[in-house]
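Accompanying notes for the structure given below.
Side-chain atoms are counted along with the backbone in the values below, which use heavy atoms only and exclude waters and symmetry mates.
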Amino acid sequence: MGEIYFRLPYDYWRDGWNNRLTLPAKALLLIAMSRRDPKEFTLAEHWTSQWYGISEATVTRGRMKLEAEGIISVAREEQVPDLRAMHGFGKRVYCKLEAPFDKNVRKRNGVTEGESSQKPKDPIRMRRVIIRK
């Protein structure tokens, strides 16, 4: 099996999120879970729409629904230079996923983040070695 990018928790189906969330919210949830930093991420409408090929309105509707449902929350805000803003500064909002979606299981090189880098030995491969001897 190849690299596991992320997994939706079982709670997504058990708690009925698949029926309660709108399509924009589902899209944003998947985008948020795919982000490389599981603690904080930005969902700026302009950049998210360009990166993922969805409209800015879809990003806004999805983020608002996820916030209303308590799936994401604002972690922090910071002022950043922005030439499009009237006064030259804009606001960057960092969000975080709430439970149970904060358990973003990803594997890099076959190792789940937080695990040791040593892979457990494959029992089938061990049997083959034992049989060959």
Side-chain angles (χ1 to χ4, degrees):
M1 189 160 127
E3 179 181 334
I4 296 174
Y5 195 61
F6 70 88
R7 291 183 183 160
L8 277 174
Y10 182 71
D11 300 32
Y12 176 79
W13 288 276
R14 188 189 68 208
D15 296 342
W17 291 109
N18 57 329
N19 295 323
R20 283 200 330 232
L21 294 179
T22 61
L23 191 56
K26 290 175 185 177
L28 258 289
L29 177 61
L30 294 175
I31 289 170
M33 291 184 73
S34 73
R35 300 305 298 260
R36 280 289 160 205
D37 185 2
K39 293 186 170 91
E40 292 182 345
F41 53 89
T42 60
L43 291 174
E45 284 83 0
H46 178 70
W47 295 112
T48 304
S49 67
Q50 285 187 351
W51 291 335
Y52 296 101
I54 57 178
S55 71
E56 291 182 33
T58 300
V59 174
T60 302
R61 287 192 313 268
R63 185 180 44 78
M64 290 174 59
K65 178 68 172 173
L66 292 177
E67 286 178 359
E69 292 287 349
I71 293 175
I72 63 171
S73 61
V74 175
R76 65 186 170 97
E77 297 178 357
E78 67 181 16
Q79 268 195 327
V80 293
D82 186 0
L83 296 176
R84 293 179 294 153
M86 181 184 222
H87 300 289
F89 288 95
K91 182 172 62 169
R92 181 175 296 151
V93 178
Y94 290 88
C95 300
K96 64 179 181 173
L97 287 165
E98 299 295 336
F101 301 102
D102 59 339
K103 302 174 201 158
N104 195 355
V105 178
R106 290 186 297 228
K107 291 190 177 184
R108 292 183 183 161
N109 301 326
V111 178
T112 303
E113 289 181 1
E115 285 183 355
S116 67
S117 60
Q118 293 180 341
K119 288 185 179 181
K121 293 183 180 178
D122 183 6
I124 296 173
R125 184 175 233 183
M126 289 174 58
R127 266 187 281 172
R128 288 182 189 152
V129 172
I130 293 170
I131 293 171
R132 288 182 187 161
K133 287 185 178 183

Ile31/Ile54 under side chain to side chain contact (heavy atoms under 4.5 Å, CB included): CA gap, chis, key distance, verdict: CA-CA 11 Å; Ile31 289 170; Ile54 57 178; 3.9 Å; yes

Approximate separation, where rounding is to 0.5 Å, of [X] [atom1] and [Y] [atom2]:
X: Lys26; Y: Tyr12; atom1: NZ; atom2: OH; value: 4.5 Å
X: Leu29; Y: Asn18; atom1: CG; atom2: CG; value: 11.5 Å
X: Ile72; Y: Phe101; atom1: CD1; atom2: CZ; value: 11.5 Å
X: Glu98; Y: Glu67; atom1: CD; atom2: CD; value: 11.0 Å
X: Leu8; Y: Leu30; atom1: CG; atom2: CG; value: 5.5 Å
X: Lys91; Y: Gln79; atom1: NZ; atom2: CD; value: 9.5 Å

Shortest non-hydrogen contact between [X] and [Y], atoms and distance:
X: Ser55; Y: Ser49; result: C-CB, 3.8 Å
X: Lys65; Y: Thr22; result: CG-OG1, 4.1 Å
X: Thr60; Y: Glu45; result: OG1-CG, 3.0 Å

Should [X] and [Y] be regarded as members of a common hydrophobic cluster, given that ILVMFWY residues are connected when their side-chain heavy atoms come within less than 4.5 Å of each other, either directly or indirectly?
X: Tyr52; Y: Met33; result: yes
X: Met64; Y: Val59; result: no
X: Val93; Y: Val80; result: no

Steps toward side chain to side chain contact (heavy atoms under 4.5 Å, CB included) verdict (Ile71, Trp17): CA-CA 10 Å; Ile71 293 175; Trp17 291 109; 3.6 Å; yes

Kindly indicate whether the side chain of Leu66, heavy atoms from C-beta on, has any atom under 4.5 Å from the side chain of Leu43.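 Leu66 vs Leu43: side chains apart.
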
